Amino acid sequence: MRQQTPAPPLYRNRDFVLLWSGASVSNLGSNCSAVAYPLLVLALTGSPADAGLTGFVALLPQLIFQLPAGAFADRWNRKQVMIWCDGLRAVAIGSLVVALLAWHLSVAQILIVGFVEGTITVCYKIAASAAVPNVVHLSQLTVAVSRNEARVRGATMAGQPLGGALFGVAEAAPFLFDALSYVASLATLLLIRADFQASGKNASARRPPALRQMREGLVWLWHQPFLRMTTLLIAGSNMMFQMLFLSVIVVVRHGGARPAAIGLVFGIAGAGGVLGSVIAPKVRQRLSMRAVVVGTNCVWAILVPVIAVLRDPYEIGVVYALMFFVGPIWNVVLAGYQLAVTPDAIRGRVLSAVSLVAYGAIPLGSLLGGLMLSRFGTGPTMWSLTALMLLLVITAIASPAVRSAPDARASKQGAEPEPVAAAR
């Protein structure tokens, strides 16, 4: 909604509050199960490779279903897509709870449920992200993105320690909590009045072929040099973070830590992410996007080798928190700019194109991390992550697209930033 009248504060925007609250509960549940998945597989098989395979299968939809999800978000009613996604995710996770209580759980079922839930989650996230500019005033878009980022980080801070603690009580407990969180999210969606498309209705009567729609998002992204390069950079760092996530679990578990302590490590990290989300709008006003892109990669490159030499779980958690502190600054500054310059009619497809590259690297990181940990151990795996981050820093510094990045500070609140110049 691009209104000319002054916008009320976000806390008085009923639809945004409902959308934010429902997604917060859902994210909390997802983080509970995220830390419980590898713990469950390690309890069943004792194999880091199996844990890595489980993560790979659960995250594989981020690689293969991003483009169709973006087309669905633009072709169909986004709110209805999200409602169906929450209902189906509750059923999928609920099946794990039933199997655990009946003592009939297998690794095969975990793989199937993880794949199904991951597929549905891709559709939900694309639709939810594309809906935000139609729920808030354009002048509040960066603040809304920062609130959403704080929601994600806060869910990590609280959800992963909670997931570890619940797993210590009963293996089914974190998955039951996750299933109920999807039901709560569905309830808030049913109360939202706003349309999630700019047109106010779903223009399904004039649908072009789906393949052509998916191509339009990729072509638009390709002709934005800055967004294209930053998407590739975040793909590399996402792969690194997924490998690091599994490495930290293995290191801390081999050190004799209980599941609750493992969850607390990521909870400490989540606290850093929440703080970064809070200050991100201020950083946007003070730093150029080039400084944000280069600076965040430099911080990550410095901190990865520090984690490589630590063994105490709480020391690891503190360093992890520093890494998570700068992540939201990247996300808020870049995502706010991307949402503002992307036309609503193709916003879902552009988001899916970005996610295909940026988040498609995550399942590969899970699989590669599990294989490397099993074959080479934690030390060589962690130092390989250091080398990867150094390569990303060099790429960011040398990139002409990053050197000539648009300055988000120059755009006035409520005015749409100029699109990045097309590639020559």
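This one's a predicted model, so the numbers in the text were calculated from it and none came from an experiment.
- In terms of modelled atom types and a separation under 3.5 Å, the side chain of Ser352 and the main chain of Arg349 share a donor-acceptor contact.
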Trace of the side chain to side chain contact (heavy atoms under 4.5 Å, CB included) decision for Leu232 with Thr395: CA-CA 10 Å; Leu232 294 172; Thr395 302; over 6 Å; no
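- Residues that satisfy the side chain to side chain donor-acceptor pair (under 3.5 Å) test with Arg147, not counting sequence neighbours, are absent from this structure.
- Residues passing the side chain to side chain contact (heavy atoms under 4.5 Å, CB included) test with Phe325, sequence neighbours excluded: Leu275, Ile279, Ile329.
- The side chain to side chain donor-acceptor pair (under 3.5 Å) search around Asn238 returns none, not counting sequence neighbours.
- With values rounded to the nearest 0.5 angstrom, Asn134 atom CG is found 4.5 Å from Asp344 atom CG.
- Checking side-chain atoms of Ser355 against main-chain N and O of Leu351 turns up a donor-acceptor pair under 3.5 Å.
- Remark: Ser277 engages Glu149, Ala150, Arg153, Pro328 in a side chain to side chain contact (heavy atoms under 4.5 Å, CB included) (not counting sequence neighbours).
- In this structure the side chain of Val304 reaches within 4.5 angstrom of the side chain of Met323, judged on heavy atoms.
- Residues Phe65 and Thr121 are not in side-chain contact: their nearest non-hydrogen atoms beyond the backbone lie 4.5 Å or more apart.
- Side-chain N or O atoms of Asp15 include none that pairs as donor or acceptor with a backbone N or O of Ile192 at under 3.5 Å.
- Distance CG/Leu162 to CZ/Phe177: 5.5 Å, rounded to 0.5 Å.
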Which side-chain N or O atoms in residues 108-118 pair as donor and acceptor under 3.5 Å with protein atoms at least two apart or in another chain?
residue: Gln109; atom: NE2; partner: Ser95; partner atom: O; Å: 3.2
residue: Glu117; atom: OE1; partner: Tyr37; partner atom: OH; Å: 3.4
residue: Glu117; atom: OE2; partner: Tyr182; partner atom: OH; Å: 2.5

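- With sequence neighbours excluded, the residues satisfying side chain to side chain donor-acceptor pair (under 3.5 Å) with Asp86 are Arg89, Ser185.
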Could you go through the side chain to side chain contact (heavy atoms under 4.5 Å, CB included) check for Val332 and Val283 one step at a time? CA-CA 10 Å; Val332 169; Val283 173; over 6 Å; no
List the atom pairs, donor and acceptor, that lie under 3.5 Å between side-chain atoms in residues 379-388 and the rest of the protein, sequence neighbours left out.
residue: Thr381; atom: OG1; partner: Gly377; partner atom: O; Å: 2.8
residue: Ser384; atom: OG; partner: Thr381; partner atom: O; Å: 2.5
residue: Thr386; atom: OG1; partner: Met382; partner atom: O; Å: 3.4

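- When all heavy atoms are compared, the tightest approach of Ser129 to Leu339 is O-CD2, 3.9 Å.
- In this structure, Cys32 and Val35 approach most closely via the heavy-atom pair O-CG1, 3.4 Å.
- For residues 270-324, the set of pairs meeting the ring-ring contact (aromatic ring centres under 6.0 Å, His included) definition, not counting sequence neighbours, comprises Phe241-Trp300, Phe266-Tyr320, Tyr320-Phe324.
- Looking only at distances, no side-chain donor or acceptor of Ser21 sits under 3.5 Å from a matching main-chain atom of Leu18.
- We find the CD1-CH2 distance between Ile120 and Trp84 to be 11.0 Å, quoted to the nearest 0.5 Å.
- Note that CG of Leu368 is 11.0 Å distant from CD of Gln242, once rounded to the nearest 0.5 Å.
- Asn13 places a side-chain N or O within donor-acceptor distance of the main-chain N or O of Val135, the cut-off being under 3.5 Å.
- Of the residues Leu100, Leu96, Leu101, the one that meets the side chain to side chain contact (heavy atoms under 4.5 Å, CB included) test with Glu171 is Leu100.
- Looking at heavy atoms from C-beta onward, Met82 lies in side-chain contact with Leu19 at the 4.5 angstrom threshold.
- Leu190 and Ile83 get closest at one heavy-atom pair: CD2-CD1, 3.7 Å.
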Determine, stepwise, if the pair Val107 / Asp50 fulfils side chain to side chain contact (heavy atoms under 4.5 Å, CB included). CA-CA 9 Å; Val107 173; Asp50 285 343; 5.7 Å; no
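- Contacts of Ser181 classified as side chain to side chain donor-acceptor pair (under 3.5 Å), with partners at least two apart in sequence or in another chain: Asp178.
- With sequence neighbours excluded, the residues forming a side chain to side chain contact (heavy atoms under 4.5 Å, CB included) with Pro68 are Phe72, Met214, listed by chain and number.
- One N or O on the side chain of Arg347 and one on the backbone of Thr342 form a donor-acceptor pair closer than 3.5 Å.
- Looking at residues two or more places apart in sequence or on another chain, you find a side chain to side chain contact (heavy atoms under 4.5 Å, CB included) between Val319 and Leu303, Val306, Ile307, Leu310.
- Note: Met243 CE to Leu367 CG = 10.0 Å, rounded to the nearest 0.5 Å.
- The side-chain heavy atoms of Val81 and Tyr124, taken from C-beta on, include no pair separated by under 4.5 Å.
- Smallest separation of non-hydrogen atoms from Ala158 and Pro161: O-CD, 3.5 Å.
- Inter-residue side-chain proximity for Trp330 and Leu233 is flagged as met; some heavy-atom pair is nearer than 4.5 Å.
- Contact annotation: the side chain of Met240 never approaches that of Leu392 to less than 4.5 Å [non-hydrogen atoms, C-beta and beyond].
- Between Val152 and Asn331, the closest side-chain pair of non-hydrogen atoms is not below 4.5 Å.
- Of all heavy-atom pairs spanning Val293 and Leu334, the tightest one is CG2-CD2, 4.3 Å.
- Within the 4.5 Å cutoff, side-chain heavy atoms of Met389 are placed close to those of Asn297.
- Annotation: Lys125, atom NZ; neighbour count of heavy atoms from other residues, nucleotides and ligands within 6.0 Å does not exceed 12.
- Of the possible donor and acceptor atoms, none in the side chain of Asn27 sits under 3.5 Å from a partner among the backbone N and O of Ala155.
- Listed here is the closest heavy atom pair of Pro38 and Ile249: CG-CD1, 3.7 Å.
- With hydrogens and angles ignored, the 3.5 Å screen pairs a side-chain donor or acceptor of Thr230 with a backbone N or O of Leu227.
- Counted within 6.0 Å of CZ on Arg14, heavy atoms from surrounding residues, nucleotides or ligands total more than 12; the atom is thus considered enclosed.
- Atoms CG and OG1, on Leu60 and Thr119 in that order, are 8.0 Å from each other to the nearest 0.5 Å.
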